[in-house]
Structure formats: C-alpha cells, structure tokens
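These notes concern the structure reproduced below.
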Amino acid sequence: MNPKVKKYIPSEIEEKWRKIWAEQGLYKFVPTPNKDKYYTLVELPYPSGDLHIGHWFTFVAPDVLSRYMRMKGKNVFFPMGYDAFGLPAENAAIKRGVHPKDWTEKNIETMTKQFETMGTMIDWDHVTITCKPEFYTWNQWIFEKMYEKGIAYRGKTLSNWCPTDQTVLANEHVENGKCWRCGSVVIQKEVEQWFLKITDYAEELLWDKDGNGVEWPKSVMAAQNDWIGRSEGLLIEFPVGIATSQAPRNDDLSITVFTTRSDTTDGASFLAIAPEHPLVEEILKQAKNDEIKRNVEEYIKQAKEKTELERKEEAKEKTGVFTGVMAENPVTHKEIPVWIADYVLANYGTGALMGVPFADERDGEFAKKYDLPVVPTTFKAKPEGKKHINYHLHDWSISRQRYWGTPVPMIHCPKDGIVPVPLDQLPVELPYDVDYQPKGKPPLASNEEWMKVTCPKCGGEARRDPETLDTFFDSSWYYYRYVDPHYAKGPFDPKEVKKLMPVDIYFGGGEHTLGHTLYARFFTKFFKDLGMVDFSEFAKKRVQHGIVLGPDGNKMSKSKGNVINPDDLVKEFGTDAVRVYLSFMMPYNATGPWAPGAMYGTFKFLKRIWDLQTRLVDHNTTKVDQLWMHRTAKKVGDDIALTKFNTAVSELMKWLNYLESKASVTFEEYRWLLISLSPLAPHITEELWQLHFATAKKFSSIHTESWPKIDDRLIVEDEVTIVLQINGKVRSQLVVSASEKDKKEEIEKLAKADEKVQKYLEGKEIKKVIYVPGKIVNFVV
Ligand code: ANZ
C-alpha cells in the first residue's frame, strides 16, 4: 500500500467534517430565486428520548434524496421538528413524577444530539417544536378561524372513551376496539366535546382517478376513499303506528331510513333502528306493554356497552328486541315490525334501516334469528324518496380531557355562552402547575386560578375551557410552520409558503394513512378556503417507509432485548457505514429483520473505496471505463430519485468490482465514484474529495458539486465487460464486442489467455467453467 495513504478510520474523519459543515453553514437553506425549490418532508418524530435504528432507517433515506436533489441543481429545503405534545409525556410524568414539560425538553435535547451523528443536511434553523407557545398560539388561531366558519363546534355524542387514559379517542385511534396508545378496551360514553367538521370536506377529500394530480401510493388513496365511504342512496320515510297494529296511527311519527338499494323496498319486511336512535325514547314513553318496555330498556343498556367496532363486525351475532311498534311499507302498504338492533349504527345514515332479508345478508341473518318474514323483492321498486349522499367519515373529535396539549382557546360565560378568546390575547398559555393525575375530569379544571377569567364580551366572571386539542391538530399543519417558525403575524406567511409549497415529497409511516395524512389534507383545504394557499393537496408525492425488525424478526422492544442501538453501530463502523447499510438492507418500503454481522460488509465496501486511492493514475479513461461511469451514475441517480436506495447501492458495488479488477483507476473515474456515493456516505466522500480534488484555497465541499452530466450515447453498449473469476473471486476482466458475447467457447478461450487468469490457473486443474453470458466467466479449480 502507498505509505502516504492513511487507514480508513471513520471516527477520525466523521465528526471533523460535521463540524466544518456546520461552521460553513453548508446546509442552511437560502432562498435562491433562479433555482427550483425541492421541499423534503419527513413526519416529525415524537420526542420519546431515544433516536433508535427505526428513526435512522426513516430519516437517512430522505437525506440521501435531498443531497442528490441538491447536486441536481435544486434548492433543497429539508427541515425537522418535534411532535412534542401528547400522552406519553404525561403518562411518563405520572409514572416518574417528572413534569411533562421538563421530560419533553430533556428528550428533545438528547435526540437533537443523537440526530447530529446521522450526518444529515437537515437545516435546524427551521426547527419547530409543537409544545412551544410560539407554535401552539397558531393552533389556537386556526381553531378560532374554524369556529368562526362553523368548522369547529361543540357537540355531544357517544364517543370512544379510553378508561385508562381517561380521554376521548378519534375513530382512527381505536384499533380492534382498543386504545392505540395503551391497548385498553375502548368503551362508548356520551361526552360533550369539541369537533371539527371534517365531513364538510368529505367530497373534496376523495381521491379521483388521477390521484388529484399528485403522486400518492394507490393503497393510501384507496384506503382513504374507503374510510370516507361515500354512498349514494335515498332517504325513505316509513309512517309509524304506536303500540300495536290496532292502535290509532300517529301521523306525526315516521322513521326515515337510508338505503342504497331503494329498488328492494318492496321486500322490506321490518325496520331496525339503532339503540341510540332518538325515537327509542318516544316509543318507550308511549309503549303500553310493560314487558316490552322492560325488554327494550334492558336491551339498550347492554348494547351501549359494546364498541362501534364490535357492533360492525360481520361475524358477531346480531341481536335485537321488538319495540311493539308497527310501521307501514310505503310501497306494499303492509304493516312491518320496528325492531331495535345493535347492527344498526347510530351515526350512520339516519341510524335506521329497512330490513330486506331477501336481498341483504345481514338482514337475512337477523330475520332468521328472530323468525321475521322474508318477502321477495322484484328489484324494481320505485319508492319516492329524497336523494342522499352518505359518508362513513365522522366529524373529528378534537378535544382531549388531558393536560399536555394546546388549551382550547374558548371561554364559557354564564351569560354569553361560548366566547372565543380575542385573537390579540392569544396564546392561552398552558399553565405549568396542575395536578395531571387522571381523575375523569380534565387536569386543567383543577387549576382554579387559571380557570377563572373575565368574559371578553360582558366583562363578567367566566371560565376557561379546560380541554386541550388532540395532538393530531399540531401535525395537521406543522410543515407550513417550518417555512418560518418565528413568523408572528399568522400561522404562516402565505407569500413565503407559496415559494416553498406544496411539499415535493413526504416520507412517513403506513400507520398514518387514515389519521394524520387525511387531517393534513383537510387543513390544507381549509387554508385554501380562507385564501391562505392556492393548492388543494399539500404534498406532491407520498412515500411510505417499512420497519426494521429485531434480529429475531420481532418488533424491536426493550423488553424483548432485541433492540439495535445506532450509537453502538456508529462507534464500531462509523456513520457512513450505518447509512449505507440502512439504504442497502432492504427496499425502503419493506419490513424486515436486522441481520447481525451484515454491517461489516458495508464497512468493508467503504474501506475498499478508500483503498482505491493507492491505485489512482493520471491516465485517460477508456471507453469501457466511461461506460461504467455514465451508466452507474445514471442508475444511482435515477434509483435515488425513485427512492430505490438499495439498488442504488448495489450499482455502486458492481462498479467497485469493476474498478478493482483493473490495474489502475483514473482520477476521473474516482471523482465520479465519490460524487455518486456522496449522498449515501457524506463523510468519507468529503474526506477523499478534499484529499484528491479540492483545488481552490477556499473550502469547497463535495456536497455542493453538481451531479455528473450523463452522456446517454456512452451508455449504449457496443462492448460488454465480462468479469473473470477464479473460484468466485474477481481476478480480471475481459472486454468483447456485444455481438460476440454469446460465443461461449471463444469467450472461455480468451479468458484463459488473460495474463492474470493464467497466473492463478498455473499448476491447477480446472474442474468446471461457468459462463454467465456477457457477465461472468468463473473457473472452478
Ligand atoms: C336496504 C338494502 C338492501 C340495503 C340490500 C343494502 C342491501 P353502505 O353501502 O355501506 O352505505 N344501513 C343504512 N343505515 C345503516 C346503519 N345506520 N347501520 C347499519 N347499516 C345501515 O350501506 C348502506 C346500506 O346499509 C343501506 O342500504 C342499509 O341497507 C344499511 F340488498 O337498505 B340497505
């Protein structure tokens, strides 16, 4: 080895470069009007206190892409923030007696330090921390704008209630009937709370055939459309008679059902209403039969204990009770019984359906169980009804009965009712001193001093709203705030946002398909209605990442002892090797286990590139050299742009094999190699660049170089390079014209004649020759 070339020791170069890059402000975003912008967004992390290998897997890829885009001449904006409000901080605080604010701030500090070792081009000047008043003031501002427009409203509904976390949960956060956070079984409870009328945007949130002109995964669009659940149908009225068929009809009373199959109305042989249907009370009041009354009361009590999910589940046995009431089928004019049934959902359609056991499977099961008549339908019925479009999507319950969040900026006045806090008095700051132990009422309510307030309208004594906003409010618009996190005249400056948004690519997890990304799209449409933005979709492209599992194939968790710690890996192999490994180990959207020991391979890959220094010569590149340079740089760039990071790395590996198979490597080849590798391994490439290519006195980083200009004419293969191996080890190479590559015997002859191959074959017996056409000749000896 050339004595002037030092050994590759990552710890000697990596921190050094990160310091220099920071000093030089290499990654500061500077608006540059003559360049196209490129906004890379990654879902902001929750400050749990530890940047684990999953974070690395998630964040390295966007960094690789951002670096590539920068070299392609884009002005890249790559900010980061912390999703700092939320239950885990509060729960940890309750468990350990540390205040959620202190816990969160300490974690942010730790994680920011850990982030530093990742060697990203994140511009930390734009960091946005959602638990800071500077941010949540604007949550309150947006909330008040929504209130003004009738989008935020106070309502009372049956809600998902987590008995452990003592809070309401949105539908999106109930997973198989359990709380997404703590796993407790969610129950239904009537709670008065704040809602956002996302249903007003149901139609706009639907994806059309062209994906609304943006590039989101088809699976995400389909799942969101499913969740929004648009159905077209009719509202049909069924007149009702009370108590028995003999009783006089009450003409004021009728049950309206929603049906998507009005053509089957002649087959409707019963009506079923939800246990929560408002008519149930009316029926009970008028019911003359005590037994029926008792049955209904008992039944309703039981049904309410089930979750919406349990009730919807197809496999669950349907239950119901007869109300004693008959209704009239408007097509056949026959009397049909009205039942209360738990498979009818209170907040879908009108909370009532017509049972057509002949045509509908669920109705069929129900009819069979309770011995109700099955009446054939002609499928030609034409009842007069009102056209109605129904959505499965519910309004978003937005207030939480917990402490660590944005206070709802509303005042409850005994005289004036609900009065918004005047905008110039925002923020309503979250007080530090409260008793945040869960007690079934919001912790803020226990801070009497904070709760007492004068009504901005009448000046009389009033109370603050003790609830806080769901943290998904924060993540619905944080990426607007990144543009200028200190902007003081509104949540964001529309002029500046117009320059940087929409986001060009949004990286995140599949778990945010139905919650977060839908909410973020909703906020964007709301901003558009306010005239604050002129686009309807906030992200042009959405890319979902997979998950790195533990070596045992299970989800990494401390209790299972299968956690891979990035800090240890960095110490052993260096940041660059970890970055390259994470890019290489599997496709970005795949989920797979960590392979112990495999990291060494990527470290060696970088070391081999480092060692190529000993072979640098000033010669010109040959035509074949150029083919490799142009072809690989093109493929690496294209793959990175398509977020196919693993194949980008394998292209570089193939090229390295080629370079090593030659006696020498030209400076031009090395220059191209370093640039093509630099987005993946920013430190080693900077070091080698400065050693061999930096000319100017002034520091000039490899990371501000342009991506090599590809000459497509050079990629056309009129010659192919065949790798020559002895027992699988690359020893030499052969260049033949592309038209010759299928002449097996001639190629083998040429291979045997190769000088280096001859040296290795000397005195050995060839047992077998394997030929992969146009690629490899392998002599097994
Ligand atoms: C009669 C009928 C006959 C129906 C038939 C379907 C098939 P989608 O398409 O999901 O919107 N339905 C109405 N309100 C309901 C509620 N609150 N809870 C449960 N089910 C309800 O479903 C619409 C259909 O679901 C409606 O059309 C109604 O049953 C039922 F062969 O009416 B249909």
Side-chain angles (χ1 to χ4, degrees), residues 57 60-72 543 576-590 595 598-599 601-612 621-662 665-666 668-682 684-685 688-689 702-703 705-717 719-723 725 728 730 733 735 738 741 772-776:
F57 182 72
V60 163
D63 184 58
V64 172
L65 177 69
S66 296
R67 288 173 177 281
Y68 169 68
M69 286 299 174
R70 179 174 178 162
M71 296 180 118
K72 287 293 277 184
V543 170
D576 281 340
V578 180
R579 289 175 57 109
V580 173
Y581 182 68
L582 289 170
S583 307
F584 181 59
M585 68 176 281
M586 61 185 178
Y588 187 63
N589 61 2
M599 267 288 320
T602 42
F603 171 77
K604 229 177 113 194
F605 164 67
L606 294 177
K607 186 178 172 302
R608 283 162 59 199
I609 287 172
W610 178 272
D611 291 343
L612 278 186
T621 49
T622 66
K623 233 180 138 187
V624 184
D625 293 340
Q626 284 182 6
L627 170 70
W628 276 97
M629 286 159 54
H630 288 255
R631 188 176 53 194
T632 313
K634 179 175 164 55
K635 186 79 172 35
V636 170
D638 290 352
D639 281 358
I640 291 176
L642 292 169
T643 65
K644 289 157 80 180
F645 307 99
N646 57 328
T647 52
V649 175
S650 63
E651 288 302 317
L652 288 164
M653 290 176 166
K654 279 190 238 163
W655 189 13
L656 177 61
N657 284 343
Y658 167 74
L659 293 170
E660 282 181 338
S661 72
K662 305 195 301 169
V665 173
T666 71
E668 203 189 348
E669 282 176 294
Y670 206 44
R671 185 172 172 277
W672 278 56
L673 176 66
L674 295 183
I675 290 183
S676 310
L677 175 67
S678 67
L680 292 143
I684 184 176
T685 49
L688 293 168
W689 182 263
I702 186 172
H703 302 299
E705 287 296 313
S706 295
W707 195 256
K709 258 206 140 37
I710 314 293
D711 185 343
D712 283 325
R713 285 169 312 182
L714 293 173
I715 302 180
V716 182
E717 287 183 62
E719 283 178 342
V720 293
T721 304
I722 297 168
V723 171
Q725 302 178 331
V730 179
Q733 44 149 333
V735 181
K741 74 175 195 308
V772 184
K775 293 206 170 101
I776 301 167

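With sequence neighbours excluded, the residues that form a side-chain contact (heavy atoms from CB on, under 4.5 Å) with Leu642 are Lys644. With sequence neighbours left out, Leu627 forms a side-chain contact (heavy atoms from CB on, under 4.5 Å) with Arg631, Glu717. With sequence neighbours left out, the salt bridge (charged side-chain N to carboxylate O under 4.0 Å, His left out) criterion links Glu660 to Arg608. Remark: His630 pairs with no residue by the side-chain hydrogen bond (donor to acceptor under 3.5 Å, both in side chains) rule, at least two apart or across chains. Looking at residues two or more places apart in sequence or on another chain, you find a salt bridge (charged side-chain N to carboxylate O under 4.0 Å, His left out) between Lys623 and Asp718. Every side-chain contact (heavy atoms from CB on, under 4.5 Å) that Lys662 has, sequence neighbours left out, goes to Asp625, Tyr658, Leu659, Glu669, Gln733. Considering only residues two or more places apart in sequence or on other chains, Thr721 meets the side-chain hydrogen bond (donor to acceptor under 3.5 Å, both in side chains) condition with none of them. By the side-chain hydrogen bond (donor to acceptor under 3.5 Å, both in side chains) test, Ser678 is found to be paired with no residue, residues two or more places apart in sequence or in another chain being considered. Scanning for side-chain contact (heavy atoms from CB on, under 4.5 Å) contacts around Asp638 gives Lys634, with sequence neighbours left out. Contacts of Phe584 classified as ring pair (Phe, Tyr, Trp, His ring centres under 6.0 Å), with partners at least two apart in sequence or in another chain: none. For Tyr588, the ring pair (Phe, Tyr, Trp, His ring centres under 6.0 Å) partners are Phe57, Phe507, Phe645, not counting sequence neighbours.
Minimum interatomic distance between Val64 and Ser583 (heavy atoms only, all atoms of both residues): CG2-OG, 4.3 Å. Heavy-atom minimum distance, Ile640 versus Ala648: CG1-CB, 4.0 Å. Among all heavy-atom pairs drawn from Leu606 and Ala577, the shortest one is CD1-N, 3.5 Å.
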*Quick one: do Trp689 and Ile675 satisfy side chain to side chain contact (heavy atoms under 4.5 Å, CB included)? Show the steps, please.*
CA-CA 9 Å; Trp689 182 263; Ile675 290 183; 3.9 Å; yes

*In sequence, state the C-alpha distance, the side-chain angles, and the governing distance for Tyr670 and Leu688, and then conclude on side chain to side chain contact (heavy atoms under 4.5 Å, CB included).*
CA-CA 9 Å; Tyr670 206 44; Leu688 293 168; 3.4 Å; yes

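Among residues at least two apart or in separate chains, salt bridge (charged side-chain N to carboxylate O under 4.0 Å, His left out) pairs with a member in residues 648-658 are Lys635-Glu651, Glu651-Lys654.
A distance-only check finds no donor-acceptor pair linking the side chain of His703 to the backbone of Arg67 [under 3.5 Å].
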